[in-house]
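See below for the structure under consideration.
Along the sequence shown, residues are numbered consecutively beginning with 1. The structure displayed is predicted, hence computed values, not measured ones.
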Amino acid sequence: MRRRTLALATASGAALLAAAALPATAQPAAPRATPGAGLQEGSVSAADLLAKLKGCSQLSNGKYRTDEETSATVPVCGKNGAVFWKADMDVDCDGQTTSKCNADTDPWYQDDTAFHQSNGKPLNAEKLPYVVVPSSSGIWDYASAGIKGGGVVAVIYNNQVEYAVVGDTGPDKIIGEASYAAAKNLGINPDPENGGADSGVTYVVFKNSKASPIESHADAVSRGDALAKKFLQDN
């Protein structure tokens, strides 16, 4: 679970001031998101999905922030068979300790996830594309909307479609977070401290769905493709 703080925002501001003092030839070039490599999982295009996501029938009792220092601007919206939100992507590295996801690479690292593999172990953020949903609160209760651990999610970014699972829960007032693997596959900088995408990410969570086992990305893709086709028919 990723918790950005005002201290992080202050540090980022200090970094920007330092960069401004550098000669033009020494200006750093480190965008948070890099162009995707054209990922397309399944047969349903990003354009076809996004065409069904215009407007918002708001389900949440209020809106979410994308980070602790931002204002609440993101609602959870409802469609036939799914819920969706449009936000940023923070990078979650929680779960099994790996070379990319550990206490040294991620200041917010936790060695557990809300939902576990079929063998009882936490999920592997470095290998498994998963999405973080806000913990249940007065704003929105994901379980009441038919969302569960292992639920299938279509993540849309830069005209790409990736299928993931609901793998972890996060702060109850913040939305827009996915695993290291989810970010990397979409061409987004997966660094848990400095990576992510500031905007442009759409998360479509299919109601009453579940990949089996939760750690099988292939199963999430197969189910996701079928659910996406049904979503287009029903909306």
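Cluster annotation: Leu49 and Val83 are assigned to distinct hydrophobic clusters (Ile/Leu/Val/Met/Phe/Trp/Tyr, side-chain heavy-atom contacts under 4.5 Å, transitive). Tracing side-chain contacts under 4.5 Å through hydrophobic residues (I, L, V, M, F, W, Y), one never reaches Val221 starting from Tyr157; they form parts of separate clusters. Hydrophobic cluster membership is shared by Tyr64 and Met89, with clusters built from Ile, Leu, Val, Met, Phe, Trp and Tyr side chains linked at under 4.5 angstrom. Note on Leu186: it clusters hydrophobically with Val131, by side-chain heavy-atom contacts below 4.5 Å among ILVMFWY residues.
Summarising the geometry, atom NZ belonging to Lys52 is positioned 6.5 Å from atom CG belonging to Asn235; distances are rounded to the nearest 0.5 Å. Atom-to-atom distance recorded for Thr97:OG1 and Glu126:CD is 11.0 Å, nearest 0.5 angstrom. We find the CG-CD1 distance between Asn158 and Ile188 to be 8.5 Å, quoted to the nearest 0.5 Å. Within the model, atoms CG of Asp168 and CD of Glu177 stand 7.0 Å from one another, a figure rounded to the nearest 0.5 Å. Separating the CG atom in Leu123 from the OG atom in Ser179 is a distance of 8.5 Å, to the nearest 0.5 Å. The CG atom of Asn185 sits 6.5 Å away from the CD atom of Glu41 when rounded to the nearest 0.5 Å.
No side-chain donor-acceptor contact under 3.5 Å links Asp111 to the backbone of Gly95.
The shortest side-chain heavy-atom distance between Val155 and Thr202 does not fall under the 4.5 Å cut-off. A heavy-atom distance below 4.5 Å is not found between the side chains of Val74 and Lys63. Under the 4.5 Å side-chain criterion, counting only non-hydrogen atoms from C-beta, Glu162 is in contact with Pro129. Taking the side chain as every heavy atom from C-beta outward, Pro75 and Ser60 approach each other to under 4.5 Å. The closest side-chain heavy-atom distance from Asp92 to Tyr180 is not below 4.5 Å. Leu232 has its side chain within reach of Val44: a pair of non-hydrogen atoms, C-beta onward, lies under 4.5 Å apart. The closest side-chain heavy-atom distance from Glu193 to Asp106 is not below 4.5 Å.
Under the rule for a side-chain hydrogen bond (donor to acceptor under 3.5 Å, both in side chains), the partners of Ser45 that lie at least two apart in sequence or sit in another chain are Asp48. Taking the side-chain hydrogen bond (donor to acceptor under 3.5 Å, both in side chains) definition, one finds that Gln117 meets it with Gln96, Asn119, sequence neighbours left out. Scanning for salt bridge (Lys or Arg N to Asp or Glu O under 4.0 Å) contacts around Lys121 gives an empty result, with sequence neighbours left out. For Lys173, there are no salt bridge (Lys or Arg N to Asp or Glu O under 4.0 Å) partners at least two apart in sequence or on another chain. Taking Ser118 as the reference, Pro213, Glu215 meet the side-chain contact (heavy atoms from CB on, under 4.5 Å) condition, with sequence neighbours excluded.
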- [ ] Let me see the working for Phe84 and Val205 under side chain to side chain contact (heavy atoms under 4.5 Å, CB included), right down to the final yes or no.
- [x] CA-CA 6 Å; Phe84 73 95; Val205 189; over 6 Å; no

Open item on the list: Run Val204 and Ile156 through side chain to side chain contact (heavy atoms under 4.5 Å, CB included) and show every step you take.
Closed with: CA-CA 8 Å; Val204 184; Ile156 306 166; 4.2 Å; yes

Open item on the list: I'd like to know whether Thr169 forms a side chain to side chain donor-acceptor pair (under 3.5 Å) with Tyr142, so could you lay out the CA-CA distance, the side-chain angles of the two residues, the decisive distance to 0.1 Å, and finally the verdict.
Closed with: CA-CA 10 Å; Thr169 57; Tyr142 65 88; 5.5 Å; no

- [ ] Given side chain to side chain contact (heavy atoms under 4.5 Å, CB included), test Val153 with Val165 step by step and report yes or no.
- [x] CA-CA 6 Å; Val153 188; Val165 294; 5.9 Å; no

- [ ] Test Asp90 against Asp67 for side chain to side chain contact (heavy atoms under 4.5 Å, CB included), laying out the working first.
- [x] CA-CA 9 Å; Asp90 292 336; Asp67 293 304; 2.8 Å; yes

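Side-chain polar atoms of Ser43 and Asp225 form a donor-acceptor pair below 3.5 angstrom. There is a side-chain donor-acceptor pair under 3.5 Å between Asp141 and Ser136. A donor-acceptor contact closer than 3.5 angstrom is absent between the side chains of Thr113 and Tyr130.
For the pair Leu53 and Lys86, the tightest heavy-atom approach, listed with the atom from each and the gap, is O-NZ, 3.2 Å. Considering all non-hydrogen atoms of both residues, Ala154 and Tyr163 come closest at CB-CE2, 3.7 Å. When all heavy atoms are compared, the tightest approach of Lys127 to Ala181 is C-CB, 3.5 Å.
Sorted by first then second residue, the ring pair (Phe, Tyr, Trp, His ring centres under 6.0 Å) pairs that include residues 182-215, not counting sequence neighbours, are Trp85-Tyr203.
By the 6.0 Å contact criterion, NZ on Lys230 is open, its count of non-hydrogen atoms from other residues, nucleotides or ligands being 12 or less.
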